[in-house]
Every structure is written in structure tokens, then in C-alpha cells.
Amino acid sequence: MDPAPALTASSRALRRRLPRAFYARGACSLARDLLGRILVVGEEAGGLLAARIVEVEAYRGPGDRAAHSAGGRRTPRNETMWGEAGRLYVYRIYGLHHCANLVAARPGRPEAVLLRGLDPLLGRERMALRRGRPPGDPALARGPGNLARALGLDLGDDGLDLAGGGRLWVADLPPHRPEPRRRSPRIGVDYAGEDALRPWRFYLAGAAGVSGPAALRR
DNA sequence: CTCGCGATTCGCT
DNA sequence: GCGAATCGCGAGG
């Protein structure tokens, strides 16, 4: 099954980006709606990378203890979360990986959606090169750290505007999700107490780019 | 200024 | 399943 028929034939469609209004809502709503949509990166040489979003997590404002904005925290690192919707929030984790989020909500609501898994559609070779893996690896963009590396995202991309002229955006195309949509608690947030149990992870069941233990990928 | 730790990944046991 | 890698953030003194 071809997950995105005719996409390779028409980069025109891929170049149309979703407007800021698409991002300006609660993180959970945005997260669900992002599933099955196409994330696009404009490469230096003018080519495009494209991948289908198959796993995301919602992080909600001050009341969510798992979020960087928990308790209303506003610091240099998470400043982008407090800015306008439709921007990219990138931070470094464990000193060696990066995580990429799409800023949601507004105004004054520091919410974001963490990108956790993609199925590569275009530019698989480029992603494989960045990852130091074979192009056939189904896990090229599986997991937030791997995803950021595959797309070449780092701290220099923090604040990038998806709805404006940034080099990354979500294509203005209908979502393609033949797989069932599922939800589960978020991964890696055990420190968040009761908020760790909130089912704010969303994924397409069985898609190749979904991360986590096998039980949480189906 | 010090110090604990993280929205992770990979390799080894 | 466990631990190392690796460093800036952010809370507290």
C-alpha cells in the first residue's frame, strides 16, 4: 500500500503549507489532527524531504507537570512555547539528542505537540545519511531523537516558523491514515506524577515509524 | 556558583 | 533489562 499516492509526482502540493490558524488550538486537538499529515523539509539544494506523521504527544500549559511550561515556568529554553502557534520548539535532551515540537494553542497558553515518529516518504537517502543507517531501515525517524536527527533539526531551528517562510512545514493536504488511530499515556514522563497517566500520546497503530515497546505500537 | 537530572538512544548482558 | 553517553537547564544557596 502506497501511503501517499502521487506525492512524488507533485511537489507543488507538498509546498503548500497549513496556515497558522491550523495550529492555534489545544495541543490534544492539534496532536490528533496531525496524525497522517505530511511533514516537509526544504533542503539546501532545493529538494524536499517529506514524511508522514505517525506518532505525537500533547504537552499542555501550566497545569501539565510533564510539560516544560509546568507551573507557568518561562525560561530561555522554553521561550518558544510561549510565543505564537505554528512555530517549532526544539530543545536538547540528555546532552546529546534533540526533540522537536510544534507550538499549539495561544494566546498565552504554552502548549506544544512533540513529534515522536515519522514514516519517510521522500528523501529517505538523505535521512539515512544523517542517521548513519541503511536507507531501508524502517526506524529512520522512529523516536523523537532519531526524528530530529533524520530531519537535520537542532537548536538553530528553535523558533522556526512553519506557517511563515521556515524551512519546515506541514503540507496543506488531507491526512492519510488507513491505520486505526490509538492513544496511550506519554512515554518517558514518569516524573510527572498523575499527569504521567494522561493518555496524550497519539499514534497510528502498526505504522513503521511508531516508537516505544511493541505493546505500545499496535 | 554548584549540582541534580532529563519529553533518549544504543549496545551489551 | 541496565547503564553509559554528555551537557545545558534551572532551582537553590
Side-chain angles (χ1 to χ4, degrees), chain A residues 23 26-32 34-35 39 51 53-83 85 87-105 109-118 120 127-134 136-160 168 182-203 208-217:
Chain A
Y23 303 94
C28 282
S29 168
L30 176 61
R32 282 191 297 265
L34 281 169
L35 286 180
L39 189 67
I53 300 171
V54 297
E55 183 190 359
V56 292
E57 282 176 357
Y59 287 83
R60 306 185 69 181
D64 179 6
R65 290 174 58 194
H68 289 170
S69 53
R73 227 164 46 217
R74 183 170 184 167
T75 67
R77 178 179 64 158
N78 73 3
E79 183 58 30
T80 300
M81 278 190 85
W82 292 84
R87 288 191 181 262
L88 189 71
Y89 169 45
V90 181
Y91 63 90
R92 188 188 281 281
I93 185 70
Y94 295 108
L96 58 162
H97 302 294
H98 295 278
C99 291
N101 305 254
L102 307 191
V103 176
R109 307 218 61 96
E111 305 195 11
V113 175
L114 171 67
L115 300 172
R116 289 196 58 95
L118 306 175
M127 299 186 211
L129 206 60
R130 286 192 174 118
R131 290 267 288 116
R133 313 286 300 189
D137 188 342
L140 282 181
R142 176 193 296 170
N146 292 335
L147 183 157
R149 178 170 285 283
L151 300 187
L153 301 174
D154 59 27
L155 291 182
D157 296 297
D158 181 45
L160 180 158
L168 176 108
R182 300 260 164 75
R183 63 192 297 168
S184 82
R186 294 169 292 183
I187 293 176
V189 296
D190 294 344
Y191 58 85
E194 300 194 350
D195 287 332
L197 302 177
R198 298 183 181 279
W200 291 346
R201 169 177 178 260
F202 304 92
Y203 62 101
V210 178
S211 72
L216 289 179
R217 301 174 52 191

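Each chain gets a letter, A, B and so on, in the order its sequence line appears, and its residues count up from 1.
Qualifying salt bridge (Lys or Arg N to Asp or Glu O under 4.0 Å) partners for A/R65, counting only residues two or more places apart in sequence or in other chains: none. When the salt bridge (Lys or Arg N to Asp or Glu O under 4.0 Å) test is applied to A/R133, the partners found at least two apart in sequence or on another chain are A/D137. Residues meeting the salt bridge (Lys or Arg N to Asp or Glu O under 4.0 Å) test with A/D195, sequence neighbours left out: A/R198. The side chain to side chain contact (heavy atoms under 4.5 Å, CB included) test applied to A/P138 returns A/R142, A/A208, not counting sequence neighbours. A/A31 is linked by a side chain to side chain contact (heavy atoms under 4.5 Å, CB included) to A/V56, A/A58, A/V113, A/F202, counting only residues two or more places apart in sequence or in another chain. Residues that satisfy the salt bridge (Lys or Arg N to Asp or Glu O under 4.0 Å) test with A/R217, not counting sequence neighbours, are absent from this structure.
First and last contacts of DNA chain C with chain A, using any nucleotide atom under 4.0 Å from a protein heavy atom and ordered 5' to 3', fall at C/dA5 to C/dA11.
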Name each donor-acceptor pair under 3.5 Å that joins a side chain in residues 96-105 of chain A to protein atoms two or more places apart or in another chain, with its distance.
from: A/N101; atom 1: ND2; to: A/Y89; atom 2: O; distance (Å): 3.0

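Contacts of A/R77 with the nucleic acid, taken as non-hydrogen atoms under 4.0 Å apart, involve only primed sugar atoms and P, OP1 or OP2.
Annotation: salt bridge (charged side-chain N to carboxylate O under 4.0 Å, His left out) contacts involving residues 66-83 of chain A, sequence neighbours excluded, comprise A/R74-A/E79. Within the structure, salt bridge (charged side-chain N to carboxylate O under 4.0 Å, His left out) contacts touching residues 148-159 of chain A (residues at least two apart or in different chains) are A/D157-A/R167.
Rounded to the nearest 0.5 angstrom, A/T75 OG1 and A/Y91 OH are separated by 12.5 Å.
Comparing B/dC10 with C/dG8, their C1' atoms sit 22 Å apart, to the nearest whole Å.
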Inset, instruction - Sugar-phosphate atoms are those with a prime plus P, OP1 and OP2; base atoms are the rest. Using that split, label each nucleotide of nucleotides 8-13 of chain B B, S or - for protein heavy atoms under 4.0 Å, 5' to 3'. - result: BSS---
Inset, instruction - Determine which bases of DNA chain B form Watson-Crick or G-U wobble pairs with both distances under 3.5 Å, and write the result as a 5' to 3' dot-bracket string with | for other-strand partners. - result: ||||||.|||||.
